[in-house]
Amino acid sequence: MSWREIKDKLQAVEADDVLERIGLEIRRSTSEKMLPGLVLFGAGLIVGAGLVALLTPRSGPELRSSLKNRLGRDNCCEHSDLEMAQHSNG
């Protein structure tokens with residue numbers, strides 16, 4: 001093996017490789033430690049809010065009306081509450 005080949009191989013070695021070989025690792029920054037936790041926390045908040053909206057003890061028309069108001073949509077559902085009541089009764 002020539003000096004040139006040895007030099008090329010040594011230049012390809014990174015600090016992470018050496019630290020891994022001796023059982024150590026580079027210290028992560030605070031943001032690298034906190035970011036995954038914050039992402040999971042935010043996802044949990046979104047899922048929790050969705051479950052609360054879906055599992056509240058309200059009747060169907062009352063819940064649809066509430067969701068329409070919260071989302072700011074007037075025509076959220078295809079059928080009006082009256083049409084839904086008539087369809088379910090007859």
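Counting only residues at least two apart or on different chains, the side chain to side chain donor-acceptor pair (under 3.5 Å) pairs with a member in residues 31-51 are Ser29-Ser31.
In this structure the side chain of Leu40 never reaches within 4.5 angstrom of the side chain of Pro36, judged on heavy atoms.
Partners of Leu35 according to the side chain to side chain contact (heavy atoms under 4.5 Å, CB included) rule, which considers only residues two or more places apart in sequence or in another chain, are Val39.
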